[in-house]
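Below is one structure, written out as structure tokens; the observations come after it.
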Protein chains: 2
Amino acid sequence: MRLTRAGEYAVRCMIYLSHKGVGVLVSKQEIAERADIPTHFLAKIAQDLARAHLIEIRQGPKGGYSLLKDPAEVSLLEVVEVMIGEIYLNDCVGRPETCPASKRCAVHKVWEDARDQLRETLAGVSFAQLSEKESCIPVFPVHKKG
Amino acid sequence: MRLTRAGEYAVRCMIYLSHKGVGVLVSKQEIAERADIPTHFLAKIAQDLARAHLIEIRQGPKGGYSLLKDPAEVSLLEVVEVMIGEIYLNDCVGRPETCPASKRCAVHKVWEDARDQLRETLAGVSFAQLSEKESCIPVFPVHKKG
DNA sequence: ATATATGAGATATTAAATATCTTATTTATC
DNA sequence: GATAAATAAGATATTTAATATCTCATATAT
């Protein structure tokens, strides 16, 4: 019951892009290095984020990724669920058809409440908020030696 | 980010035993059939529950499992965490040493809050409450044909 | 045209969850 | 005590998901 690496990497990628601002093109290499994400894995994650219209991908020389939406309009929940699908905590919540009693089941109700609460918490945090504050992603540009 | 089968099965087993009451011996077969748990898997789960002093295991003929603690004193969180370990939702919460920034990290803080909230919700529900109400586990004894 | 940078899908690799099997141990009953 | 019944404990598949990487294709600045 933990967030996957893909989810964690997607969040880091989005924070890094939020620091840069909407529409600012950043190379895959730069993001991978600064946010500590395996390059090829980042490529896959970026595809998911692009499909969800959160970022735009630019190919070719000087290509890279850029933020499509205002970070104030993007929640932590949104990014996480793009990567891992809708959170439901227990199978009986996500797939009620697997449990005939779910409508009347006391256990089901607890998990449903817990799920709703968790999703609300994550929905209440925007990438604007996250990028304003300190996080595990370095804020200031790192200059190469020489 | 979902509860494992082992966790779900443990909850079902505990509800079934809660219906019976503290100290009432119930055979593994009966629990497996009524709570719809693969027999051998139940054996493994029962070992974990016994190690956590939630149930007692009796070997030999007329052996089986019985509840050790008052169901009012056992929370959903306790049973779930016996099976899957402490819930932490994100690696950076469970293993802060993997993220040097965790103390100051805004993302970390959100996950920590979400984790605390989830654990509180699950801690607030006892097996007495769960077994009083309808659930996915049948309450009344089923008599064999003939 | 060429070189650069990423896309998209395929293919390992690793780890975890799930399920089952085998041998050993406990205990009620005769 | 011997026997049979019931579970223990650990080992061993099996399956599924997560993680990571590779290859060929595509887009684009110069």
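Here is the naming used below: chain letters follow the sequence lines, and residue numbers restart at 1 for every chain. This structure is a prediction, so every number in the text was calculated from the model and none was measured.
- In this structure, B:Gly63 reaches the sugar-phosphate backbone alone: every heavy-atom distance under 4.0 Å involves primed, P, OP1 or OP2 atoms, never a base.
- The shortest heavy-atom contact between B:Leu122 and A:Trp111 is CD1-CH2, 3.8 Å.
- Using a 4.0 Å cutoff on non-hydrogen atoms, the parts of residues 22-32 of chain A near DNA chain C are A:Ser27, A:Lys28, ordered by number.
- B:His19 contributes a side-chain N or O that, together with a main-chain N or O of B:Ser131, makes up a donor-acceptor pair within less than 3.5 Å.
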Along nucleotides 9-21 of chain D, 5' to 3', which nucleotides get a B, which get an S, and which get a -, given that the test is a protein heavy-atom distance under 4.0 Å? B--------SSSB
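- When hydrophobic clusters are built by joining Ile, Leu, Val, Met, Phe, Trp and Tyr residues whose side-chain heavy atoms come closer than 4.5 Å, directly or via intermediates, B:Leu67 is not grouped with B:Leu25.
- With a 4.5 Å cut-off on side-chain heavy atoms, B:Met1 and A:Leu118 count as touching.
- Under a 3.5 Å cut-off, the side chain of B:Arg12 and the backbone N or O of B:Ala35 do form a donor-acceptor pair.
- Taking 3.5 Å as the limit, the base of C:dT26 and the side chain of B:Gln59 contain no donor-acceptor pair of atoms between them.
- Distance B:Asp48 CG to D:dA8 C1': 12 Å, rounded to the nearest Å.
- Atom CG in A:Asn90 sits about 15 Å away from atom P in C:dA17, given to the nearest Å.
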Show the atom names and distances, to 0.1 Å, of all donor-acceptor pairs under 3.5 Å that link a side chain in residues 36-54 of chain B to residues at least two apart or in another chain.
{"from": "B:Gln47", "atom 1": "NE2", "to": "B:Ala43", "atom 2": "O", "distance (Å)": "3.4"}
{"from": "B:Asp48", "atom 1": "OD1", "to": "B:Arg51", "atom 2": "NH1", "distance (Å)": "3.1"}

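- Formation of a donor-acceptor pair under 3.5 Å by the A:Glu81 side chain with backbone atoms of A:Ile87 is found in this model.
- We find that A:Arg2 and A:Glu8 are not joined by a salt bridge, their nearest charged nitrogen and carboxylate oxygen being 4.0 Å or further apart.
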